[in-house]
Amino acid sequence: MSSETSIVERVEVPESEISNEGPIQHLHKIEHTHQWDPNLPQEKLDTTHIVLETNDKEKAVEIEKNSAQDSQYDSVRAAVRNTDGGEVANTVRAWVLGMIFVTVGSGLNMFLSMRSPAISFPVIVVQLIVYPIGCFWARMMPTKVFNTFGLRWTLNTGPFTIKEHAVITIMSNVSISYAYSTDALLALQAKRKYTPAYYVSPRTDV
């Protein structure tokens, strides 16, 4: 079996691991939780309602097993696979590129926030730019394995993976915006005419 086939291969979930409660009770919770969910297809809600009305336990177990294996939303299933392909994620490449883009992105956002109107450097820009850079890294960097105090590492683990891309995007998403405390520093540096009348500067208070 090829590696591509193993990636899309579905994993059977034991019924004992699906839920600690009965399948009918679990479907009642699903129906109650998603009754006003505009993103869930109506046919799935109708199927759940019919199963609960007929008290079909076999169909309830099948629905619960499918929901445990995959997302109930079509858009999520189209974008996110329900199996692990075994790609590497915690690599030197991901950390280096992530730190670079976090530093550059947050610095640009801080610098451009002084402008009026302000210009932002969103995460989607990092997500688009870092992919060709990661692929270029995978093509150009050596694959030699180093041993540092018993820890084996390499600059190039192979092709740039989706997990590395996700790690860099998450790092940028968390830290790319400038710190809110800088607004206080900017306020302290504002012109005197913006200072309240009741405020006396420590430099002029003798």
Side-chain angles (χ1 to χ4, degrees), residues 1-20 26 30 33-34 37-41 44 61-110 120-179:
M1 182 179 295
S2 63
S3 59
E4 295 182 358
T5 307
S6 61
I7 290 177
V8 298
E9 188 177 37
R10 297 181 65 87
V11 179
E12 291 296 330
V13 180
E15 294 184 9
S16 59
E17 298 181 4
I18 294 176
S19 176
N20 294 327
H26 186 64
I30 292 178
T33 303
H34 297 281
D37 190 348
N39 299 313
L40 191 66
K44 292 189 177 182
V61 171
E62 181 182 349
I63 293 176
E64 189 177 13
K65 186 181 295 186
N66 290 334
S67 64
Q69 291 177 341
D70 213 339
S71 174
Q72 302 177 17
Y73 302 98
D74 296 336
S75 57
V76 176
R77 290 200 305 272
V80 182
R81 61 191 180 192
N82 64 335
T83 55
D84 188 1
E87 300 92 344
V88 293
N90 188 19
T91 63
V92 175
R93 175 171 53 202
W95 279 99
V96 170
L97 293 179
M99 293 296 292
I100 290 175
F101 276 93
V102 164
T103 304
V104 173
S106 59
L108 281 176
N109 277 332
M110 184 69 251
S120 63
F121 188 74
V123 180
I124 188 65
V125 176
V126 176
Q127 190 174 5
L128 293 175
I129 293 177
V130 77
Y131 180 74
I133 296 177
C135 293
F136 180 77
W137 182 306
R139 181 181 294 271
M140 300 302 297
M141 284 294 182
T143 58
K144 180 181 178 180
V145 178
F146 302 92
N147 194 327
T148 305
F149 301 109
L151 179 64
R152 296 170 58 85
W153 60 278
T154 179
L155 293 173
N156 189 357
T157 56
F160 188 62
T161 66
I162 187 174
K163 291 183 181 179
E164 291 176 292
H165 200 184
V167 167
I168 297 170
T169 305
I170 292 171
M171 292 172 65
S172 301
N173 193 32
V174 171
S175 307
I176 199 171
S177 59
Y178 63 90

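Throughout, numbering of the chain's residues begins at 1 and tracks the sequence.
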key: M110 atom CE: more than 12 heavy-atom contacts under 6.0 Å   = yes
inquiry  = Nearest 0.5 Å, please: how far is CD1 in I133 from CG in L128?
reply    = 11.0 Å
request  = Output yes when a side-chain donor or acceptor of N156 lies under 3.5 Å from a complementary backbone atom of P142, and no otherwise.
outcome  = no
key: ring-ring contact (aromatic ring centres under 6.0 Å, His included) partners of W153, counting only residues at least two apart   = F146
message = A quick test of your reading: do over 12 heavy atoms of other residues, nucleotides or ligands sit less than 6.0 Å from CD1 of I162?
response = no
note = By side chain to side chain donor-acceptor pair (under 3.5 Å), N90 pairs with (sequence neighbours left out) W95
request  = State the CD1-CD distance between I168 and Q127, to the nearest 0.5 angstrom.
outcome  = 10.5 Å
query = So, W137 side chain and A94 main chain: donor-acceptor pair closer than 3.5 Å or not?
reply = no
note = When every non-hydrogen atom of T154 is compared with those of V145, the smallest separation belongs to CB-CA, 4.2 Å
Summary of side-chain hydrogen bond (donor to acceptor under 3.5 Å, both in side chains) pairs that have at least one residue in residues 161-175, sequence neighbours excluded = D84-K163, T91-E164, R93-E164, T161-E164
task = Check A138 against G158 and note the closest heavy-atom contact, atom names and distance.
result = CB-O, 3.3 Å
remark   = Rounded to the nearest 0.5 angstrom, the OG1-CZ distance for T103 and F101 is 11.0 Å
